[in-house]
Protein chains: 2
Amino acid sequence: MLTRTAADLGAVIRDRRKRLKLDQSTLAKKVGVSRQWLIEVEHGHPRAELGLILRVLDALGIKLDADSNPSAGRGVPKTAVDLDAIVAKAKKGKP
Amino acid sequence: MLTRTAADLGAVIRDRRKRLKLDQSTLAKKVGVSRQWLIEVEHGHPRAELGLILRVLDALGIKLDADSNPSAGRGVPKTAVDLDAIVAKAKKGKP
DNA sequence: TCCGAATGTCAGCGTTCGCTTACATTATCA
DNA sequence: TGATAATGTAAGCGAACGCTGACATTCGGA
């Protein structure tokens, strides 16, 4: 699933946890966080620590893929422009 | 790229930023964070806020994909077990 | 070589985290 | 229906966040 917000990530986590038939207490203990924290994260807490989030994803076997090249898919070929060229031109044109 | 740690994510961010020919100040302003923060994140700060991280990824056009079903690929078919069955049996066997 | 820009570091400050503990509220099943 | 587990909420506390501002250090081009 594509995740753009903390709520998205929280949903993924909760989903996976339930699919694995784990309760919050068990998962929290397994990961090394408080149950309290897990609750807030599953609800989409945006200020949670990155590291703890990553630990949870790992514990649940969720792979996180950061795709730096969005145009790779068969979607709209957005990045048909040459950023380098644009920047270079901008530098020259506006001294 | 597969990211399991904050350092991984930091590397992806820095990479993408440079590829886009942006300096830290510019990106920071664009995202709405301090340059200070960006520096720490690019260095792999694990306690950064999830929400801010997501904002940066978004601003850089980096898509985050959370794959809840790792066994989908052609890797080791780990989850050949029926968790439901196991749990059910455990409940019966230990009243 | 030298100068400016980009990057990294430091200190201080108000805010918020994540933790613990205890108590509601809501499933879930015999 | 009633009991037990699972989930959600609240308050209080030490620690760390992210910010501002100023100052090193390194990089890149003339």
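Each chain gets a letter, A, B and so on, in the order the sequences are listed, and its residues count up from 1.
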[N] [atom2] sits how many Å from [X] [atom1], rounded?
X: A:His43; N: D:dA10; atom1: NE2; atom2: C1'; answer: 15 Å
X: A:Ile39; N: D:dA5; atom1: CD1; atom2: P; answer: 17 Å
X: A:Asp23; N: C:dC29; atom1: CG; atom2: C1'; answer: 16 Å
X: A:Lys21; N: D:dA6; atom1: NZ; atom2: C1'; answer: 14 Å
X: A:Arg17; N: D:dA6; atom1: CZ; atom2: P; answer: 10 Å

Query raised in the report: Using rotation axes that map the C1' atoms of four end pairs onto the next four (five pairs an end), what angle separates the end axes of the helix from C:dT1-D:dA30 to C:dA30-D:dT1, to 10°?
Result: 60°
Please tabulate, one pair per line, all N/O donor-acceptor pairs under 3.5 Å involving side-chain atoms of residues 25-37 of chain A, not counting sequence neighbours.
| unit_1 | atom_1 | unit_2 | atom_2 | d |
| --- | --- | --- | --- | --- |
| A:Thr26 | OG1 | A:Asp23 | OD1 | 3.1 |
| A:Thr26 | OG1 | A:Asp23 | OD2 | 3.0 |
| A:Ser34 | OG | A:Trp37 | N | 3.1 |

Report task. For A:Val12 and A:Met1, work out which heavy atoms get closest and say how close. Result -> CG2-SD, 3.5 Å
Query raised in the report: Taking all atoms of both residues into account, what is the closest heavy-atom pair of A:Leu54 and B:Ala6, and its distance?
Result: CD1-N, 3.4 Å
Quick test: give all pairs of protein nitrogen or oxygen and nucleotides 18-20 of chain D nitrogen or oxygen below 3.5 Å, distance rounded to 0.1 Å.
| unit_1 | atom_1 | unit_2 | atom_2 | d |
| --- | --- | --- | --- | --- |
| D:dG18 | OP1 | B:Trp37 | NE1 | 3.4 |
| D:dG18 | OP1 | B:Glu49 | N | 2.6 |
| D:dC19 | OP1 | B:Ser34 | N | 3.2 |
| D:dC19 | OP2 | B:Ser34 | N | 3.1 |
| D:dC19 | OP2 | B:Ser34 | OG | 2.5 |

Report task. Would you sort out whether B:Leu9 and A:Leu50 count as a side chain to side chain contact (heavy atoms under 4.5 Å, CB included), showing the intermediate values? Result -> CA-CA 10 Å; B:Leu9 229 18; A:Leu50 174 62; 4.0 Å; yes
Those residues that, when tested against [X], pass side chain to side chain donor-acceptor pair (under 3.5 Å) (two or more places apart):
X: B:Asp8; answer: B:Thr5
X: B:Arg17; answer: B:Glu42
X: A:Asp58; answer: B:Arg4

Report task. Go through residues 3-14 of chain A and report each residue with a non-hydrogen atom lying under 4.0 Å from DNA chain C, sorted by number. Result ->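 The answer is none.
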Requested in this report: Verify the cluster assignment for A:Leu22 and A:Ile39: are they in a single hydrophobic cluster under the rule of side-chain heavy atoms below 4.5 Å apart?
Outcome: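 Different clusters: A:Leu22 never reaches A:Ile39 through Ile, Leu, Val, Met, Phe, Trp or Tyr contacts under 4.5 Å.
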Requested in this report: Compare all side-chain heavy atoms of B:Asp65 with those of A:Asp67 and state whether any distance is below 4.5 angstrom.
Outcome: no
**Report entry** Within-4.5 Å side-chain heavy-atom neighbours: A:Ile13 and A:Leu60
**Finding:** yes
**Report entry** Those residues that, when tested against A:Glu49, pass side chain to side chain contact (heavy atoms under 4.5 Å, CB included) (two or more places apart)
**Finding:**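 With neighbours one apart ignored, the set is A:Leu52, B:Arg47.
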